Amino acid sequence: MSTIYLPSNIFTNIIADAMPKSMLAKIKFMPSALISKLVEQEDSIGLIPTMDLIKHNDLFVSNSVGLSFDGALSNSFIYFKPGENEVDKVLLSGDVSSIESLTAKILFSELYNIEVEVSLSNFNADRIIENTILVGDENFQSDIYVTGLSFAEEMVELISAPYVNFIFASKSDTLLSEFNTSMKGISDNFYSLGEEGNFNLKIKETAKDFIIENFNSCVVEFEEQDIEGINQLIRIPYFHGLVENIIEPKFI
């Protein structure tokens, strides 16, 4: 099988560990924002941010495996500047993807009735000095996640469906179909590793306990509601006038 590109975070590392051993040598970890371009240029599989379909709608999409959240556990958290009553700016930091970039303003507008300016920035975990959406493992490398809001929970409220953070995609329908077959039953290994706390990441025990307790809110093998979550998520830019057409995923 060709290269399998994954973004690097605690959840995708568990997915990698849960995959059939024959796939392990094919896995390469990359920043999430780069994977769709690589997959579009070569015969490979990529776990891409769902919103990347807006610009890469020629890719085929797995209708059976990916990464979805439906609870408190999330790869991203929202933090508010202490002591600030009015929010007008929000920073994006970490392994930022098209999802956070395209939905941040919409989320604050729809859920909080606040119009915000969004920009990229580095993040200092020791002190939250601005309102921030932090993406990736930095949320769990200290206890800051307890002061934040789960981005997944907020997105579930926004779209009334599971928040499908990442989807497996390829420019080859044959390659993706073979991949889907190879990934059947991955949930057993995925949940076993996650609920036993076998993480390739140094985190505090409190963060580890939080992840273990909420790990059942992660989904890697999709059901009907997750497909609905994909459709609802990628329609957000259309409903807010950011794109001209509704994207119809090419599911395999």
Side-chain angles (χ1 to χ4, degrees), residues 1-9 11-12 15-16 18-20 23 26-70 75-76 95 97-103 135 152 155-156 158-187 190 218-239 242-252:
M1 183 175 286
S2 300
T3 303
I4 303 169
Y5 293 107
L6 301 179
S8 182
N9 59 62
F11 306 103
T12 56
I15 290 175
M19 284 181 174
M23 293 184 178
K26 303 292 185 180
I27 295 172
K28 291 186 178 180
F29 289 96
M30 303 287 292
S32 61
L34 301 180
I35 296 177
S36 290
K37 293 179 181 178
L38 292 170
V39 171
E40 207 166 43
Q41 294 168 3
E42 58 189 61
D43 284 334
S44 59
I45 302 285
L47 187 61
I48 69 172
T50 304
M51 202 69 86
D52 277 13
L53 290 180
I54 301 297
K55 289 187 176 181
H56 303 274
N57 58 13
D58 55 330
L59 295 176
F60 292 98
V61 178
S62 173
N63 63 2
S64 58
V65 283
L67 180 61
S68 173
F69 296 97
D70 194 16
N75 189 47
S76 307
D95 187 27
S97 75
S98 57
I99 293 183
E100 297 81 27
S101 300
L102 285 172
T103 63
V135 186
M155 289 302 296
V156 168
L158 179 65
I159 65 177
S160 300
Y163 168 53
V164 183
N165 201 159
F166 296 100
I167 51 178
F168 279 105
S170 176
K171 73 174 186 177
S172 168
D173 57 343
T174 301
L175 193 61
L176 190 60
S177 179
E178 293 172 353
F179 178 78
N180 286 343
T181 300
S182 298
M183 292 287 280
K184 283 183 178 179
I186 189 179
S187 291
F190 179 75
C218 298
V219 170
V220 288
E221 289 191 85
F222 290 159
E223 298 181 356
E224 185 177 341
Q225 63 264 30
D226 300 296
I227 301 303
E228 178 63 17
I230 294 172
N231 288 323
Q232 291 300 325
L233 184 62
I234 62 176
R235 288 172 183 171
I236 288 176
Y238 172 78
F239 290 137
L242 301 179
V243 297
E244 294 184 358
N245 300 305
I246 291 178
I247 302 299
E248 297 292 345
K250 297 162 64 176
F251 286 116
I252 296 293

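The structure presented is a predicted model; accordingly, all values stated were derived computationally and were not measured.
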Verify ring pair (Phe, Tyr, Trp, His ring centres under 6.0 Å) between F69 and F11, making sure each step is shown before the conclusion.
CA-CA 11 Å; F69 296 97; F11 306 103; 5.0 Å; yes
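A heavy-atom distance below 4.5 Å is found between the side chains of P7 and F166. Using a 4.5 Å cut-off on side-chain heavy atoms (C-beta onward), V39 and I45 make no contact. Proximity of M19 to I4: side-chain heavy atoms (C-beta onward) are separated by under 4.5 Å at one or more points. The shortest distance between side-chain heavy atoms of L53 and I167 falls below 4.5 Å. Here the side chains of I27 and F29 are in contact, with some heavy-atom distance below 4.5 Å. The shortest side-chain heavy-atom distance between V135 and N75 falls under the 4.5 Å cut-off. Under the 4.5 Å side-chain criterion, counting only non-hydrogen atoms from C-beta, P237 is in contact with M51. Counting heavy atoms from C-beta on, the side chains of I48 and L59 come closer than 4.5 Å.
In this structure, the separation between CG on L233 and CE on M155 is 5.0 Å, given to the nearest 0.5 Å. Here the straight-line distance linking atom OG of S68 with atom OH of Y163 works out to 9.5 Å at 0.5 Å rounding. Atom OG1 of T50 is separated from atom CG of N231 by 10.5 Å, given to the nearest 0.5 angstrom. Distance check, rounded to the nearest 0.5 Å: OG1 of T174 to CD1 of I252 gives 8.5 Å. Put simply, CE on M30 and CG on L6 are 11.0 Å apart, with the number rounded to the nearest 0.5 Å. Here OG1 of T3 is found 5.0 Å from NZ of K28. Values are rounded to the nearest 0.5 Å.
When each of T181, D226, N180 is checked for a side-chain hydrogen bond (donor to acceptor under 3.5 Å, both in side chains) with S64, only N180 meets the rule. Of the residues L158, L102, I54, the one that meets the side chain to side chain contact (heavy atoms under 4.5 Å, CB included) test with I236 is L158.
Using a distance-only test at 3.5 Å, with no hydrogens or angles considered, no donor-acceptor pair links the side chain of S177 to the main chain of D173. Under a 3.5 Å cut-off, the side chain of N63 and the backbone N or O of F251 do not form any donor-acceptor pair. A side-chain donor-acceptor contact under 3.5 Å links E221 to the backbone of G185. Between the side chain of T12 and the main chain of I15, no donor-acceptor pair closer than 3.5 Å is present. In this structure a side-chain-to-backbone donor-acceptor pair under 3.5 Å is missing from S170 to L175. At least one donor-acceptor pair closer than 3.5 Å links the side chain of S98 to the backbone N or O of D52. A donor-acceptor pair is defined here as one N or O able to donate and one able to accept, closer than 3.5 Å; no such pair exists between the side chain of S97 and the backbone of S32. A donor-acceptor distance shorter than 3.5 angstrom exists from the side chain of K250 to the backbone of D58, with no hydrogens or angles considered.
For K171, the NZ atom is densely surrounded, since the number of other residues' heavy atoms within 6.0 Å is greater than 12.
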